[in-house]
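A, B, ... follow the sequence lines: proteins, then strands. Residue 1 opens every chain. Only heavy atoms go into these numbers, but all of them, side chains included; no hydrogens, no water, no symmetry mates.
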Amino acid sequence: MTQNQGYTTADGRQIGGTVMEMKNITLKFGGVTAISDISFDIHEGEIRAIIGPNGAGKSSMLNVISGFYTPTEGEVWYQGAKRPLMRPYEVARQGVARTFQNIALFEGMSVLDNIMTGRLTKMNASILSQAIWLGRARAEEMANREKVERVIDFLEIQSIRKTPVGRLPYGLKKRVELARALAAEPSILLLDEPMAGMNVEEKEDMSRFILDVNDEFGTTICLIEHDMGVVMDLSDRVVVMDYGKKIGDGTPTEVRNNQAVIDAYLGVA
Amino acid sequence: MLYRTAGQYKTSYEADQALFPVRQDAILLMVVLALAYVIFPLTASEFTFQTLLIPILIYSLAAMGLNILTGYAGQLSLGTAAFMGVGAYACYKMITLMPWMNPVIAILLSGVFSAGVGVAFGIPSLRIKGFYLAIATLAAQFFLIWLFEKWAWLYNYNASGAIQVPNLDILGVYVTGPLASSVTQYYVVLVIVTLLTLLCINLTRGTLGRTWKATRDMDIAAELIGINLMKSKLTAFAVSSYIVGVAGALFVFQWRGAAEPNLFEIGLSFEVLFIAIIGGLGSILGNYLGAILIVGLPVVLNIVGEIELHDVSLAVWVIIALVLGGLFAAAVSLRSKGTMIGVAVVTLLLVGYAFAQSRGFELHSAMIEHLNIMIVGSLIVFFLIIEPHGLARLWALIREKLIIWPFPH
């Protein structure tokens, strides 16, 4: 498996070249090293999982990718170029969308408005045009509403579009959050524990949505998840972290048989 | 039944995102506009214009400006009065430097200056939030008042230190100053307020509004989905201060006629903040409801206190009875015990007062003043208890009930 070539997965899907590459990332908070010298890549169109025990640094890694943390050392390469120092909103504008471990929806807004915020980066009508609700602003509003409605259809949340997000149950909130990220039409979608706190049916639904997103839009997905069954079923390749270090990287089968991974999860006898 | 939305289908996103997707809302608005543009000007007295209509509109506008900042973008500000002052002084300077200027245009332009000042004082919001930001905006409040006092150029070196509104006309009709009639002043205020309200509604329901609300609800998530927080916060400060500045210019030019720096003290900031909170943060309608309660109610209570029982015609009693009955019915359908008790207490007080008056009991006007303050104060507490999210939310709940009325759900 070389750097810039794709590969074919076990189930026969063709995966493209590298879209994002983490090179020797180290992240320190004062004296605490959250991530030490980790490198891995994400290929176009694949589902890449990051797993590891609690406190392994998975969420920190995701925060580095989405630009929320700046790595102390190391480089992030995105679409063939080294990413300069950026604010998180600039990273988002480059096509990296994410969801959060603890749902981070805008509670004061309706589902529709929440998903529409996912398209804010695509809207640039002037303030004047917005104020008089004519011309560009109006056209943009309608065009983006249409895109958003497609996402709403896709995730089967038509019946709650006008509901304030605060009134929704947990599982639906997670789905709305996914919708908001999808509305941005990202080239990489980061999912931070998309199935945390869900029951079996909800997990199945969410798994199906993740696979569908990957299948229909070809979206590259990088996810963190604790449910091993889900991870092994969904992902094409898995990075395993423990105490801020990478201890394994490969297909689910390879990772499952990796002695270091087994030790990290089950302990050393 | 009255508010039935069944049968009103939308077949396009355009229709779904129209200003008033529900027909009854549009009809209600038409009624209000007809009242404001035709009925009130035809029937109102000089006193009504000067103590109710004009100030309520101006305070609503100021609260709307603050609401953009605090209710929509989530940035707490205590400097509203100072920004109103900037608008008023800017308008005064423009008109005295360029006497040929159209006064309405000058009023609209004066907001540009307050917008600039607002953005400058909004810069701390990039680092601090909530109460801490409120304290930072206090700096604007104190600094600007100081500036209005000490910078003599601002008031053209008047010996009094106050600004006097000159008589200015458009095509021979005086619109500002002592020569302007109340009706003209009212129309100028009304047109500007209507226009700015429309712009605010559009801004808050569109892209910018979503940017602001996202910033308010969860700023970290907002930044991670691609919102430039700096831009979002500073545009909120700019738009808010623009509206507040125009309100300030109207405050002095169309209502007070003259101003001293202490007119823009922190008390005024609080008054506008109360209007916004009681009306409902994050709502446009709320500003009007809040202004009617805070500005209009004391005046009405004063009038009510002064009239003798036998002066009051049957028609007025019928109206009072209808209003109280309506409120009680609304309370019953909302199943709000608090409201029911409140309305019952008010009714009892009114009946008691009427009885006492019939026995020769009289209130001194000083007593009326005190009672007035107490009543307004307790009403504010009462409304906040039954609906902490303000009068606008209360109306939204009533409206929701009305849509399915007479069925419970």
Is the count of non-hydrogen atoms from other residues, nucleotides or ligands lying under 6.0 Å from [X] atom [atom1] greater than 12?
X	atom1	value
B/Y9	OH	no
B/F113	CZ	no
A/M86	CE	yes
B/K231	NZ	no
A/K122	NZ	yes

With rounding to the nearest 0.5 angstrom, report the [atom1] to [atom2] distance, [X] to [Y].
X	Y	atom1	atom2	value
B/Y13	A/R145	OH	CZ	6.5 Å
B/L224	A/L190	CG	CG	9.5 Å
A/M123	B/T207	CE	OG1	3.5 Å
A/D113	B/D217	CG	CG	10.5 Å

Side chain, backbone, both or neither: which part of B/R205 has a heavy atom under 4.5 Å from chain A? both
Give, as side chain, backbone, both or neither, the part of [X] having an atom under 4.5 angstrom from any heavy atom of chain B.
X	value
A/E146	both
A/S66	both
A/L105	backbone

Looking at [Y] and [X], is any side-chain nitrogen of the basic one under 4.0 Å from a carboxylate oxygen of the acidic one?
X	Y	answer
B/D16	A/K162	yes
A/E141	B/R210	yes
B/E14	A/R138	yes

Can you list the steps and then say if A/I127 with B/V239 is a side chain to side chain contact (heavy atoms under 4.5 Å, CB included)? CA-CA 10 Å; A/I127 182 165; B/V239 173; 3.8 Å; yes
Option that, when pairs with chain B are counted at under 4.5 Å, heavy atom only, ranks first among A/A131, A/A92, A/P88: A/A131
Quick check on the interface: out of A/E140, A/M116, A/E107, A/R98, who has the most heavy-atom pairs with chain B under 4.5 Å?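 Of A/E140, A/M116, A/E107, A/R98, A/M116 has the most heavy-atom pairs under 4.5 Å with chain B.
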Main-chain N/O of B/L208 paired with A/Q130 side-chain donor or acceptor, under 3.5 Å: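 It does hold such a pair.
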If every non-hydrogen atom of A/M109 is compared with every non-hydrogen atom of B/A214, which pair is closest and at what distance?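 So the minimum-distance heavy-atom pair works out to SD-N, 4.0 Å.
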Show the numbers, then the answer: is there a side chain to side chain contact (heavy atoms under 4.5 Å, CB included) between B/I220 and A/F68? CA-CA 9 Å; B/I220 291 175; A/F68 189 62; 3.7 Å; yes
Out of B/L203, B/L199, B/N228, return the one with the most heavy atom pairs under 4.5 angstrom to chain A. B/N228
Below 4.5 Å, heavy-atom pairs only: which of B/T235, B/T211, B/N202, B/I227 has the largest tally toward chain A?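 Most heavy-atom pairs within the cutoff with chain A belong to B/N202.
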Derivation and outcome, side chain to side chain contact (heavy atoms under 4.5 Å, CB included), residues B/L229 and A/Y89: CA-CA 8 Å; B/L229 288 184; A/Y89 74 87; over 6 Å; no
Apply side chain to side chain contact (heavy atoms under 4.5 Å, CB included) to A/F106 and B/I225, showing your working. CA-CA 12 Å; A/F106 307 122; B/I225 62 163; 3.9 Å; yes
